[in-house]
Amino acid sequence: MKLVRAISIGIVIWIIGVNLYSLSYYVPILEDAEQQANIWLSVVVLPIVWFGAKLYYGKGVRTNAFKVGLIFFITSAILDALITVPFTILPYGGTYYDFFIDFGFWFIGLEFIAVTIVYRYAKFSIEKQTQS
């Protein structure tokens, strides 16, 4: 496993996700801006993680996709703990506990892992078919 590569891509995924999450507040569609941002993030994380998996597996690496997705998610969770929560949650009365027990947080974590697994199997099944 290329750990530094997976962590670096996880950082890129987090940066893109945070920026898109923040931008969603500037396009008012729902009355509850926070709910809108969470829905938006759960939708946009799919292509972002797909792109991250494409970067990771682009060189023909055959690492276990569950582990890669988990590293992407853990990297994002650590950055959330170090940056997102202290600067965007705590000042408004939220807590680490509230952030990390939220269903949306764990749903997005599941998306990280599922999208990485789906990408890996899609990529390598297509490669297998073209080699035959």
Whether over 12 other heavy atoms sit under 6.0 Å from Tyr25 OH: yes
Identify the heavy atoms of Tyr21 and Ser24 that sit nearest to each other, and give their distance. O-OG, 2.6 Å
Take atom CH2 in Trp40; do more than 12 heavy atoms of anything else shown fall under 6.0 Å from it? no
Spell out, yes or no, whether Val45 and Tyr57 are grouped together once hydrophobic residues are joined by side-chain heavy atoms under 4.5 Å, including indirect joins. yes
From CA spacing to verdict: side chain to side chain contact (heavy atoms under 4.5 Å, CB included), Val68, Asn64: CA-CA 7 Å; Val68 174; Asn64 181 312; over 6 Å; no
So Arg62 and Arg120, do their side chains get closer than 4.5 Å, heavy atoms only? yes
Could you state the interatomic distance from OG1 (Thr116) to CD (Glu111), rounded to the nearest 0.5 Å? 11.0 Å
What are the two closest non-hydrogen atoms of Phe105 and Ala77, and how far apart are they? CZ-CB, 3.8 Å
Can you tell me how far the CG atom of Leu79 sits from the CD1 atom of Ile74, to the nearest 0.5 Å? 12.0 Å
With a 4.5 Å heavy-atom cut-off, do Val85 and Leu90 have their side chains touching? yes
Which atom pair, heavy atoms only, marks the closest approach of Ala65 to Ile117? CB-CA, 3.6 Å
Are Val61 and Lys2 close enough that some pair of their side-chain heavy atoms sits under 4.5 Å apart? yes
Validation: residues 93-104 side-chain donor-acceptor distances under 3.5 Å, sequence neighbours left out:
| from | atom 1 | to | atom 2 | distance (Å) |
| --- | --- | --- | --- | --- |
| Thr95 | OG1 | Tyr97 | N | 3.4 |
| Thr95 | OG1 | Asp98 | N | 2.9 |
| Thr95 | OG1 | Asp98 | OD2 | 3.1 |
| Tyr96 | OH | Ala81 | O | 3.0 |
| Asp102 | OD2 | Gly104 | N | 3.1 |

Under 4.5 Å between side-chain heavy atoms, counting indirect links through other Ile/Leu/Val/Met/Phe/Trp/Tyr residues: same cluster for Val4 and Ile78 or not? no
For Val43, the hydrophobic cluster (side chain heavy atoms closer than 4.5 Å, chained through members) also holds none
Is there a path from Ile113 to Phe107 through hydrophobic residues (I, L, V, M, F, W, Y) whose side chains come within less than 4.5 Å of each other? no
Do you know which two heavy atoms are closest between Tyr56 and Arg5, and how far apart they sit? O-NE, 3.3 Å
With a 4.5 Å cut-off on side-chain heavy atoms, are Trp106 and Leu110 touching? no
Does Asn38 reach the side chain of Ile108, with side-chain heavy atoms less than 4.5 Å apart? no
What I'd like to find out is whether the side chain of Ile16 reaches to under 4.5 Å of the side chain of Leu20, using heavy atoms alone. yes
Mind listing the closest non-hydrogen atom pair of Leu41 and Gly17 along with its distance? CD1-O, 3.7 Å
For the residue pair Ile13 and Phe72, what are the closest heavy atoms and their distance? CD1-CD1, 3.8 Å
Counting C-beta onward and ignoring hydrogens, is there a side-chain heavy-atom pair between Trp14 and Ile83 closer than 4.5 Å? yes
Output for pair (Ser76 OG, Ile7 CD1), nearest 0.5 Å, gives 11.5 Å
When you measure from the side chain of Gln36 to the backbone of Ile29, do you find a donor-acceptor pair of N or O atoms at a distance under 3.5 Å? yes
Name the one of Val44, Val118, Val115 that satisfies side-chain contact (heavy atoms from CB on, under 4.5 Å) with Val49? Val115
To the closest 0.5 Å, what do you measure between CD1 (Ile9) and OG1 (Thr75)? 10.0 Å
Same cluster or not: Tyr121 versus Phe51, using hydrophobic residues (I, L, V, M, F, W, Y) connected whenever any side-chain heavy atoms lie under 4.5 Å apart? yes
Grouping I, L, V, M, F, W and Y whenever their side-chain heavy atoms are under 4.5 Å apart, do Phe73 and Leu82 come out in a common cluster? yes
